[in-house]
Amino acid sequence: MLRMLRLLFLALLGIVLIAVASANRDLITLRLLPEELDQFLGIGWSLEVPLFLAIFAGIVAGLGIGFVWEWFREAKHRAAASQHRREAGRLEKEVSRLKAEKPEAEDDVLALLEGRKAG
């Protein structure tokens, strides 16, 4: 059921994107700098593309910037998780070492907690 909903959503999204692309086929000029600044600096870079390509490129660029921003924002959480994993591994080794060194417990409650039968 969920797979069908996903396929239906993707089909509708494809139809919408095709409709937007077919409605916005006019050529536009993308410039690196405003015309006055182009003339002043002598840098006249421009590109003519269909409007729908500019729209889709803007969406993709926005998503990319958002993903990179979020990746940088979450760096401290990833570092903390890595540190906690290392600490948990160190503590597990220490617990194993202490269990191996420890003589048999004589207390019935401790024996039950450790999973051994009371003597």
Side-chain angles (χ1 to χ4, degrees):
M1 179 67 179
L2 190 59
R3 182 176 179 191
M4 289 299 291
L5 285 174
R6 183 177 52 187
L7 289 174
L8 179 65
F9 173 75
L10 289 175
L12 289 174
L13 181 64
I15 291 169
V16 168
L17 290 176
I18 290 171
V20 167
S22 65
N24 295 291
R25 291 179 293 159
D26 295 336
L27 290 179
I28 61 166
T29 302
L30 297 177
R31 297 184 190 283
L32 181 62
L33 299 171
E35 267 187 77
E36 296 80 20
L37 200 53
D38 275 350
Q39 292 172 0
F40 180 71
L41 295 176
I43 303 172
W45 185 86
S46 65
L47 180 66
E48 287 196 10
V49 295
L51 178 58
F52 73 89
L53 283 182
I55 292 170
F56 293 162
I59 292 170
V60 169
L63 285 171
I65 291 168
F67 285 137
V68 169
W69 183 271
E70 194 64 19
W71 185 77
F72 280 127
R73 193 184 68 80
E74 291 176 350
K76 60 184 172 190
H77 300 294
R78 287 191 307 276
S82 176
Q83 180 182 359
H84 290 137
R85 279 192 298 273
R86 283 192 304 271
E87 181 70 14
R90 187 187 66 77
L91 290 173
E92 285 176 3
K93 287 178 186 175
E94 186 175 344
V95 166
S96 297
R97 182 184 56 82
L98 289 174
K99 280 184 178 181
E101 290 177 358
K102 185 178 167 193
E104 288 294 316
E106 302 208 7
D107 187 15
D108 292 339
V109 175
L110 288 177
L112 287 173
L113 288 175
E114 292 179 354
R116 294 182 292 213
K117 289 191 174 190

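Quick note: residue numbers are just sequence positions, from 1.
For the atom pair CD1 (I43) and CG (L32), the distance works out to 7.0 Å, reported to the nearest 0.5 Å. Residue E74 holds its CD atom at 4.5 Å from CD of E70, rounded to the nearest 0.5 Å. Note: L5 CG to L10 CG = 11.0 Å, rounded to the nearest 0.5 Å. In this structure, CG in L13 is found 10.0 Å from CD1 in I18, a value given to the nearest 0.5 Å.
Under the 4.5 Å side-chain heavy-atom criterion for grouping Ile, Leu, Val, Met, Phe, Trp and Tyr, V16 is not connected to L12 through any hydrophobic cluster. Two different hydrophobic clusters hold I15 and I55 under the rule that ILVMFWY side chains link at heavy-atom gaps under 4.5 Å. Placement of L41 and L30 within a single hydrophobic cluster is found when ILVMFWY residues are connected by side-chain heavy-atom separations under 4.5 Å, directly or transitively. Note on F52 and V60: separate hydrophobic clusters, where clusters join Ile, Leu, Val, Met, Phe, Trp and Tyr whose side-chain heavy atoms are under 4.5 Å apart, directly or indirectly.
The number of heavy atoms from other shown groups lying within 6.0 Å of CH2 (W69) does not exceed 12.
Side chains of F56 and L17 form a contact here, defined as non-hydrogen atoms less than 4.5 Å apart. By the 4.5 Å heavy-atom criterion applied to side chains, V49 and I28 are counted as neighbours.
Of the N and O atoms on the side chains of R86 and S82, at least one donor lies less than 3.5 Å from an acceptor on the other residue.
Residue pairs satisfying the salt bridge (charged side-chain N to carboxylate O under 4.0 Å, His left out) criterion with at least one member in residues 9-33, sequence neighbours excluded, are listed as follows: R31-E35.
Scanning both residues, P50 and L27, for their nearest heavy atoms gives N-CD2, 3.7 Å.
In this structure, the salt bridge (Lys or Arg N to Asp or Glu O under 4.0 Å) partners of E94, at least two apart in sequence or on a different chain, are R90.
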